[in-house]
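Computed from a prediction, not measured in an experiment: that's the story for all the values here.
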Amino acid sequence: MIAIIAENRKTASLIAATTGAIQKHNEYFENDDYTITWISECPITLTIVTDDRRTVSTTDGYQPVMHKFRRIIRQKKTSNGLTTDQSAVRRLKVIDEILERCSSIIVATAPDGDGERAFRYVYEYLGYTKPFRRMRLSELTEEAIRIELDNPQNGNDFDTMYAAAECRAKADITVSFNASRAFALATGIQDEYLGRLHIPVLAMICSRYKACRRFVSTSYWQLHATLEYNGVLGKFHYFKNIPTMREAEDMFKRIASHPQATITKVTRKRTLRRQPLPYNLSELTKECCAIAGLSSKRVLNAAVSLYEKRLISDPRTDCRYISDDIMKRMPSILQRLLIAEEYSAYYGAIHTKRLPHQCVNNEKAKIKHAIITTGIRPKGLDNDERTVYDMIARRILEAFASGCKMEQVTVDAVIAGLPFRLQERRTAAAECRTLYGLSGNPYTEPVSKKHDIPEFEQGDTPDIAGHGIGKCHTMPEPLYTETTLLKAMECAGNETECVSKHKRQCTYGIGTAEIRIRIIADLFEKGYIEYSGETIIPTAKGLSLYGKVKGMVIADMHIAAEHEKLLEKMQRGETNAEDFMRIIEAHTAKAVKEIMSIGQPKNTIKDE
């Protein structure tokens, strides 16, 4: 008998239906060949070993607890404190009985660090050494399940993924446990949580909020002129912002005495705007937050639900590419989407016999591929699921539509000796791909329809139809929304650097997309941040904590990002766990030392 350990009951039931394991029991499914059960919420957790009898005082300092970890059965909070979760005990017993009598094991938990760690914790806690193989279930369709059942991979191929996930868990516990305990000793405040990645994110939110509060706006003026040529109007702007009103008025008067302008240069540049890549979880979440107003947690929940309903591939992916095998299925998937009335506008832009291959990369899609639809017609979706599915479906259609021909027009003119410029970006062909259609979306740029602007040529002297002055004010960097906060976390706070990379995906950030979503949800739950309209601002509790740890290594986003880069290298087998943990321990020791200085006059940290 082959034992299959799935991620949850829903996944187990779908695998059971595919394998014919129709004998249903309370905790598993079986037939003569397979017994299928699930882990669900991992019944084993990692904890740090402490000696609570040891006395620690702020005078003698606090010695961080390092190296000592153990795995225990999941605990739950009760009125009498923490106690062993009996549902975890029952789950372990079922898994133990199945593994004891099986001839081989196939793992079907999520093919990522968390899924691998959940299985290994149970497997090692129960003391098994039987070899196991793994299914990489990127989809839960019957076809995908059969392919993976026929070709499971050696479990040892995922050792580096497990090592990175285990080190991430140990790093989180080491830093957060010691920093939180040191903070309690230094301040007397017992309930603060100083998470390894949570505090850098909170610091980023608080810093932006305080910068906005301190910002003093200054005024400047802009000058524009409308030129008429062959009955068509074009609006030109002066090259620079004008610092004083007097200077702006002087320029205005100069223009008023000149009835015509001179066109000095006309540039027309045609380009092919390539198709966007399919979504990963990060891009999907940001666009759903920006366009549909969903929270990141709602997006994740809806996407996982769609996956379990077999409508999309696993959304918990950082990859935006697909493999050759998936590419072979795309014509069929696209044809099924185009049948739907809501996507009929894409019909003329997609040629299923000659699809573009810009999103095909076998190496990048080796573990998980981009989010795609499966071709199954959606039914009975709630509002969030419908919105998320629609976003994914439209992006898949855009990714395989014809390229969009664009024209960039730049016209330079001189009026009364002053330089002006008109710039226009427009579609140059009717077969341009259809976009989602909502203006103001910062991630899917709206493409304007081709409309009339004067067809200027160098040396033309068009009439000045009007001119004016506009008063403007400098603005601070805007408060974070959930969309921009996710982007900042993805780029370790270096949003400017990310923009300069022509919107390529940043890799110098913290965690996976799923981890970033969890961090934001945790900060809300713990009362450190709150919504103010669509923006995110710190609460009084969050500002108080930030004021105490500001400038410390525990709040340094770039240090956290460096640790994340090391974890990525570990998953690729380029570094080892021992070296990484030594770095974490040194970081923890420094963080504890700084935190213990809170309240000491010589180390007082001035608030902003």
Strictly distance-based, threshold 3.5 Å: is any side-chain N or O of Arg74 a donor or acceptor partner for the main-chain N or O of Glu41? yes
Would you confirm whether Thr374, through its side chain, and Arg310, through its main-chain N or O, come within 3.5 Å as a donor-acceptor pair? yes
Say whether Lys487 and Thr483, considering side chains only, have a donor N or O and an acceptor N or O under 3.5 Å apart. no
Who are the side chain to side chain contact (heavy atoms under 4.5 Å, CB included) partners of Glu363, not counting sequence neighbours? Asn361, Lys366
Is it the case that Asp96 and Tyr128 place a side-chain donor and acceptor less than 3.5 Å from each other? yes
What's the separation between atom SG in Cys289 and atom CD1 in Ile520, rounded to the nearest 0.5 Å? 7.5 Å
Using the six-membered ring of Tyr279, assess whether NZ or CZ of Arg395 lies under 6.0 Å from its centre and within 45 degrees of the ring axis. yes
Verify the ring-centre separation between Tyr34 and Phe29: is it less than 6.0 angstrom? no
Does some side-chain heavy atom of Arg329 sit less than 4.5 Å from a side-chain heavy atom of Glu139? yes
Side-chain H-bond candidate by donor/acceptor type, Asn362 with Asp324, under 3.5 Å: yes
Quick one: which residue pairs count as a ring-ring contact (aromatic ring centres under 6.0 Å, His included) with a foot in residues 82-122, not counting sequence neighbours? Phe119-Tyr123, Phe119-Phe132
Regarding Asn154 and Asp157, is there a side-chain donor-to-acceptor distance under 3.5 Å anywhere? no
